[in-house]
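Structure first, commentary second.
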Amino acid sequence: MKYARIKGTNDIYGDEISYWYTIEESAKKVAKLYGYGEIRTPIIEPTELFIRSVGEETDIVQKEMYTFEDKGGRSITLRPEGTAPVVRAFIENSFVNKGFPQRYFYIGPMFRYERPQKGRQRQFHQVGFELFGSESPLADAEIIHLAVKLIKEIGLSKFKVVINSIGCEKCRPKYRDALKQYYAKHIDEVCDDCKRRYDTNILRLLDCKVDMEIANKAPKSTDYLCGECKEHYENLKKHLKMLDVEFEEDHKLVRGLDYYNRTVFEIRHELLGAQSAIAGGGRYDKLIEMMGGQSVPALGFAMGMERLIIAMKAEGVKIEPALVNHVYIAHVGDVVETALKIAEDLRRQNITVVMDVMDRGLRAQLKHADRIGALLTVIVGENELAEDIVIVKDMESGEDSRVDINFVVDFVLDKLNEIL
RNA sequence: GUGGCCAUAGCUCAGCUGGUAGAGCGCCUGACUGUGGAUCAGGUGGUCGUGGGUUCGAAUCCCACUGGCCACCCCA
């Protein structure tokens with residue numbers, strides 16, 4: 001094999017593509033329903049953008065970024081996530097002057113240098129939603145509600161929403177201290193990874209799969225929230241109940257990106273395997289200011305499209321085929337002109353028409369029509385044309401109809417109406 | 001970055017303890033000068049992931065690399 005895909009990337013084509021269409025169309029539909037406009041940002045950004053926003057100490061920055069130097073000596077990075085570029089665009093284009101709130105969504109590829117496994121590639125795709133300007137728990141509820149709506153729209157049902165609040169810069173230090181105290185007592189019982197993380201990232205000890213028992217009994221961040229954070233969290237839960245969004249609270253849910261505060265949430269699918277999160281997000285009230293903009297509260301989430309597709313397949317979600325070939329036009333003898341005209345007449349009625357361009361025999365043409373799943377085949381033949389007639393074949397029943405050439409379009413339209 | 005399993009035709013795989021490749025499906029052609037799906041017959045198709053080693057001889061044994069799957073780490 002001369003050339004092969006880069007590890008962790010995929011070619012997407014054929015039947016697969018209909019899953020992608022389903023997700024993209026659902027995302028656009030739901031976005032429209034909630035008043036979110038699409039934003040398309042570059043796939044490449046200055047490396048510094050991600051170091052600053054995602055966090056110097058995170059795994060994404062430490063070891064997962066595709067970074068290279070361009071010919072001008074600038075350090076460029078293929079975006080590993082979608083929020084930072086949107087925030088960059090927000091600041092760069094002075095979105096603050098457009099009034100609040102502002103709602104955006106994006107769809108596109110992200111890149112992380114990781115070992116591929118089920119539900120994880122180096123190039124993967126996310127659809128994300130961001131809401132700028134509101135500090136209200138109503139905004140949190142909207143984002144979570146929207147995420148759930150979208151997942152249902154895609155056809156999934158075996159998922160659950162998990163939420164938590166990790167507080168703000170005022171209350172988080174106190175919680176961190178409490179965790180440290182708790183884990184100091186158990187430091188001999190936990191695994192080696194946890195011992196290491198005790199110093200590097202104490203919050204991460206909570207989602208260790210080895211030491212779940214200890215993590216379960218650990219102090220909860222929600223018990224250490226300051227008055228404002230507590231009220232925010234309580235109101236969010238109230239709103240979610242009003243919206244009939246079922247959720248679980250999980251005090252062990254802490255997310256990996258540094259910029260989150262207060263609300264964090266994840267949506268997990270039960271049929272997925274080790275990488276069970278199909279969506280994740282939270283609030284990032286300090287990020288825009290930290291990145292050099294004004295102080296604007298914001299929040300958002302991203303969904304992994306590949307993971308959604310795995311879930312769709314696992315649940316057996318029925319999808320619309322991306323392409324239905326309504327009519328195949330076969331032609332035999334010196335009749336091309338008529339065949340072309342019929343094809344065009346049909347396309348003008350929004351009918352998908354595929355015409356033979358191989359100059360093969362009728363047999364081969366019908367075989368091809370069958371292979372591409374044509375619903376009808378119009379056979380334009382010399383013999384029939386002498387009587388101003390074409391044959392329309394129903395490819396499922398095999399039944400032939402002799403149709404006056406002046407009524408082909410009407411006949412095909414009727415026939416398709418019957419079938420579809 | 002770590003670990004386990006794996007790599008033979010377009011696809012799914014067989015090939016036992018070493019003797020220079022096979023099946024099914026697919027594809028093409030014909031039976032059927034102008035009627036697809038079914039059947040039958042014939043045909044096309046692989047430097048056995050790459051490189052090295054052991055051997056008279058390697059798809060088969062050994063090593064390395066690359067890639068795949070799954071898991072860890074972490075995340076969508």
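Counting only Watson-Crick and G-U wobble pairs whose two key distances fall under 3.5 Å, RNA chain B forms stems of three or more stacked pairs at B:1-7 with B:66-72, B:10-13 with B:22-25, B:27-31 with B:39-43, B:49-53 with B:61-65.
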Polar atom pairs between nucleotides 41-46 of chain B and protein, under 3.5 Å, N or O only, would you list them?
none

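Looking only at atom types and distance, the side chain of E249(A) has a donor-acceptor partner in the side chain of Y233(A) under 3.5 Å away.
Within 4.0 Å (heavy atoms only), A279(A) reaches sugar-phosphate atoms of the nucleic acid but no base atom. Across all strands shown, R5(A) has no heavy atoms under 4.0 Å from either base or sugar-phosphate atoms. The residue G119(A) sits close to a base: some heavy atom pair falls under 4.0 Å.
With sequence neighbours excluded, no residue satisfies salt bridge (charged side-chain N to carboxylate O under 4.0 Å, His left out) with D223(A).
Q117(A) has no side-chain polar atom (N or O) that falls below the 4.0 Å cut-off from OP1 or OP2 of C70(B).
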In residues 380-388 of chain A, what donor-acceptor pairs under 3.5 Å come from side-chain atoms, sequence neighbours left out?
| residue | atom | partner | partner atom | Å |
| --- | --- | --- | --- | --- |
| E382(A) | OE2 | D334(A) | N | 2.9 |
| E387(A) | OE1 | R402(A) | NH2 | 3.2 |

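Between I60(A) atom CD1 and A76(B) atom P the separation is 6 Å, expressed in whole Å. Put simply, CZ on F50(A) is 13 Å from P on A76(B), counting in whole angstrom units.
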- Item | Sequence-aligned protein contact record of nucleotides 32-37 of chain B, with B where the base is within under 4.0 Å of a protein heavy atom and S where only the sugar-phosphate is | B-BBBB

- Note on the structure: Per-nt protein contacts along nucleotides 1-13 of chain B (heavy atom under 4.0 Å; B base, S backbone sugar-phosphate only, - none) come out as BBB----------

